[in-house]
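Per chain, numbering begins at 1; letters A, B, ... match sequence-line order.
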There are 2 protein chains.
Amino acid sequence: MSADTRRPTMKDVAALAGVSLSTVSRVVNGDPGRPDLARRIQDAIDLLGYERDHTASTLRRTDRASASIGLLVADVGNPFFAAVARGVEEIARERGSVTMVASSDEDPARERELATALAARRVDGLVVVPTDGSPGPARVPTVFVDRPPRYADADTVLTDNFGGAVAAVTHLRAHGHRRIGFLGDRSTLHTAAERLRGYLGSLPDPSPARTDLSSGRLDPSLVRTDLEGSAAAFDAACALLRGDDPPTALFTAQNLITTGAVRALRALGLQHRVALVGFDDLPLADALDPGLTVVAQQPVTLGRAAARLLFSRIDGDRAEPRTEVVPTTLVVRGSGEIAR
Amino acid sequence: MSADTRRPTMKDVAALAGVSLSTVSRVVNGDPGRPDLARRIQDAIDLLGYERDHTASTLRRTDRASASIGLLVADVGNPFFAAVARGVEEIARERGSVTMVASSDEDPARERELATALAARRVDGLVVVPTDGSPGPARVPTVFVDRPPRYADADTVLTDNFGGAVAAVTHLRAHGHRRIGFLGDRSTLHTAAERLRGYLGSLPDPSPARTDLSSGRLDPSLVRTDLEGSAAAFDAACALLRGDDPPTALFTAQNLITTGAVRALRALGLQHRVALVGFDDLPLADALDPGLTVVAQQPVTLGRAAARLLFSRIDGDRAEPRTEVVPTTLVVRGSGEIAR
DNA sequence: TTGTAGGCGTTATCAC
DNA sequence: GTGATAACGCCTACAA
């Protein structure tokens, strides 16, 4: 009979307080009960350092709520998704829920596997940044964030990618630019596609970039897509700027691509001659010379909205799936205001 | 008798396969058993879409392992901690564990509360970035990361803050600097204190900043601590650089402080005259003019090491608590190589 | 109001 | 090998 440091259970508390198990359960769950008993029970709890086993409680309880949710992002290490995670966690904590975070690394197989692992832990719901080949939602309430799911009509919270791109290009046009280059990442990504759409939609009808639009082709001297990472963006930007009749302004549609373009402009000594507006904000953007004008997203807001929507579903909201759109903000710092 | 979409249980599988509950359990847990039965059970599982309830399994199993760990950081939204989280999650996933992430916001009360919440979910262990007033470890295996715990001899994984600071100052001294300013954050933070110690230790004995060292006071025209945020750092840097006999170089001991100093140097037009080395790397650091020389940390490595240590404890490692130190790297980009 | 008993979904210990 | 049975820690009718 070892005096092992077993965690105390309700049974231990009941024994010490000289009451029955169910009385302890009720008191622990907020039922006042007889004051003297409640007091004895509380004393026993303090003495033993008892803490309720939340998992066992979930198993038996009628609502079966685990007070935990899952968050599936491409990569928590990415500052953008980290900010989304922060927003989700904030709302979850308000609700007394904890958040299990997992990174899919944009791999659909891993995404499915992780969703299953989270479901097996009986999370009450899931917030998901879907990968390209995302499967349908699991058997648990799911809200998609940052990108819409591919094959399902489901709750979704998105950034206004189209509107942000329009704002960026309109801003550049207002400063006299007519030849505006576009650099974007994987065009299969919803975000990238929307930003390109916004760019194209903001150009005047007889624009070179739009010439072949009806034929599905884009002017490669102005538009470059499917750039993966900042090195690729650097090369593409250099090529664009060194070409014949180069653009007088650039719209870079993603984080790392903006970084690559900034480096390219500096490498060519053009940072004060060619205008630049990037999508998504960066630390130090204001310390550059010139300061970097960006269309800022609100990732924390994105996460909060997704979590709120999820909890409303968990609470039983049975309305039609809905999509919320979070606006962007144009942050003017210099690079976007270079006139033609 | 509603045909509700209840989750199928082992009982359902057993009934459909025409075997007993225990046989299903054994097969699900990898016992081969009789091939024909195993096959029938697998078919039933597929047909019903059965998935084992991991929480119930944990409750009953002898080792009581939940295959989940908790991660308690100051703020997941902070890119540094996000990278730590990524490292932790990576190792956890290798082990089939999920990671519950929570942000303490540097509040000891919240830290305690969250640790309790995670323990109540029966995590197998905890990785913690302790706040100032961190309590002792909970009743679950705990590894501290980034900062040591205050009142306990426990497993810890730290960045080589002292060594990194020494490297930074030595680098500046090698470029001829003798009056090197120090800007740091909350001195109650272990990281900040260590970096200051490294700075002071790298100065020659009769250095102005060390003059009053024995008396515990530091030359305020060279050393500024307890700066919270980049705005405060901006002000402090301006004050230092505008003073009599200003420093010819700066060592900024933290992320946001570096940002503030970069802005200050630019505001004063001194970015090409005063050298600067920052602690911790920043995106776009290479796109600045001059490029920003930094002592880079390895947050992902930090997280991985902490998680590995934790799992070795979970696996029963009973050796003395140990401390691991992760080295830094000096990344040379220009700002630190400005000669006096 | 309190105690008793049954069960949530699973695993472990037995007989068989 | 398989199957009945008793737990794991807790909640919740129901009876007292």
Side-chain angles (χ1 to χ4, degrees), chain A residues 4-42 44-45 48-68 119-124 139-140, chain B residues 4-42 44-45 48-68 119-124 139-140:
Chain A
D4 219 352
T5 35
R6 233 191 62 240
R7 268 182 208 280
T9 72
M10 268 194 187
K11 202 151 92 181
D12 301 323
V13 174
L16 184 58
V19 298
S20 84
L21 188 61
S22 37
T23 307
V24 178
S25 174
R26 272 177 304 237
V27 168
V28 165
N29 289 299
D31 183 326
R34 241 170 57 196
D36 55 328
L37 289 193
R39 162 147 230 95
R40 276 198 349 239
I41 290 170
Q42 189 53 55
I45 287 176
L48 294 173
Y50 167 78
E51 284 166 13
R52 184 178 59 169
D53 185 326
H54 206 290
T55 61
S57 154
T58 299
L59 188 59
R60 192 58 185 83
R61 184 178 305 141
T62 312
D63 61 9
R64 316 228 347 102
S66 67
S68 64
R121 266 79 172 182
R122 292 301 180 264
V123 291
D124 300 328
R139 254 190 308 231
V140 349
Chain B
D4 219 354
T5 36
R6 233 190 62 240
R7 273 188 148 89
T9 72
M10 270 194 184
K11 202 151 92 180
D12 301 322
V13 175
L16 184 58
V19 298
S20 84
L21 187 58
S22 7
T23 307
V24 176
S25 175
R26 261 168 297 188
V27 168
V28 166
N29 288 298
D31 183 326
R34 241 169 59 195
D36 55 327
L37 290 193
R39 162 146 229 94
R40 263 172 31 212
I41 290 171
Q42 189 54 56
I45 287 176
L48 294 173
Y50 167 78
E51 284 166 13
R52 183 177 59 166
D53 185 325
H54 206 290
T55 62
S57 159
T58 299
L59 185 60
R60 192 56 184 84
R61 185 178 305 140
T62 312
D63 61 10
R64 304 195 50 59
S66 67
S68 64
R121 265 78 171 183
R122 292 302 181 261
V123 291
D124 299 329
R139 255 190 306 233
V140 356

Exercise for review: Ignoring backbone atoms, establish whether A/R52 has a side-chain N or O less than 4.0 Å from OP1 or OP2 of D/dC11.
Suggested key: yes
Study note, to complete from the structure: Rounded to whole Å, the CZ-P distance (B/R121 to D/dC10) equals 14 Å
Practice item. Take atom CG of B/L59 and atom P of D/dA7, then tell me their distance rounded to the nearest Å. Key: 14 Å
Review point. For A/R26, which contact category applies under a 4.0 Å heavy-atom criterion: base, sugar-phosphate, or nothing?
Key: base
Exercise for review: With heavy atoms under 4.0 Å as the rule, sort A/T58 into base, sugar-phosphate or nothing.
Suggested key: nothing
Practice item. Could you check whether B/V28 gets within reach of a base, just the sugar-phosphate, or nothing at all, counting any heavy atom under 4.0 Å? Key: nothing
Revision key, fill the gap. Counted 5' to 3', the first and last nucleotides of DNA chain C within 4.0 Å (strictly under) of a heavy-atom of chain B are C/dG9 to C/dA12
Check your understanding: Contact class for B/L21 vs. all strands (heavy atom < 4.0 Å): base, sugar-phosphate, or nothing?
Key -> base
Check your understanding: Would one find a side-chain N or O of B/T23 under 4.0 angstrom from OP1 or OP2 of D/dG3?
Key -> yes
Practice item. Looking at every strand, decide which applies to A/S25 at a 4.0 Å heavy-atom threshold: base, sugar-phosphate, or nothing. Key: base
Check your understanding: What pair of heavy atoms forms the shortest contact from B/R139 to A/L48, and how long is it?
Key -> NH1-O, 4.1 Å
Check your understanding: Between A/D124 and A/R64, which heavy-atom pair has the shortest distance, and what is it?
Key -> OD1-O, 4.2 Å
Practice item. Would you kindly give the CD1-to-C1' distance between A/I45 and D/dG9, to the nearest whole Å? Key: 14 Å
Check your understanding: Roughly how many Å is it from CD in A/E51 to P in D/dG9, rounded to a whole number?
Key -> 15 Å
Check your understanding: Hey, are A/D12 and A/R6 close enough for a salt bridge, meaning a charged N less than 4.0 Å from a carboxylate O?
Key -> yes
Review point. What's the CD1-P distance between B/I41 and D/dG1, to the nearest Å?
Key: 14 Å
Check your understanding: A/T9 side chain: which of D/dC10, D/dT2, D/dA4 is closest?
Key -> D/dC10
Exercise for review: Indicate the atoms forming the closest heavy-atom contact of A/R122 with A/S66, along with that distance.
Suggested key: O-OG, 2.7 Å
Exercise for review: Let me know the distance between CE of B/M10 and C1' of D/dA4, rounded to the nearest Å.
Suggested key: 16 Å
Exercise for review: Please report the closest heavy-atom contact between A/E51 and B/A119, naming both atoms and the distance.
Suggested key: OE1-CB, 4.3 Å
Practice item. Just call it for B/N29: base, sugar-phosphate, or nothing, with non-hydrogen atoms closer than 4.0 Å on any strand. Key: sugar-phosphate
Check your understanding: Expressed in angstrom and rounded to an integer, what is the separation of B/D53 atom CG from D/dG9 atom P?
Key -> 16 Å
Check your understanding: Between atom CD1 of B/I41 and atom CZ of B/R34, what is the distance when rounded to the nearest 0.5 Å?
Key -> 10.0 Å
Point to revise | Spacing between B/D63 atom CG and D/dC8 atom C1', to the nearest angstrom | key: 12 Å
Practice item. Give A/S22 one of three labels, base, sugar-phosphate or nothing, depending on what nucleic acid heavy atoms sit under 4.0 Å from its own. Key: base
Exercise for review: For A/R7 and B/V140, run side chain to side chain contact (heavy atoms under 4.5 Å, CB included): C-alpha distance rounded to whole Å, both residues' side-chain angles, the deciding distance at 0.1 Å, then the answer.
Suggested key: CA-CA 10 Å; A/R7 268 182 208 280; B/V140 356; 4.3 Å; yes
Point to revise | Nearest to side-chain heavy atoms of B/S20, which nucleotide of D/dT12, D/dG3, D/dG1 | key: D/dG3
Study note, to complete from the structure: Closest heavy-atom pair, B/T9 versus B/Y50, reported as atoms and distance to 0.1 Å, is C-CE1, 3.6 Å
Practice item. By nearest nucleotide on DNA chain D, pick out whichever of B/V27 and B/R61 is the more 5' one. Key: B/V27
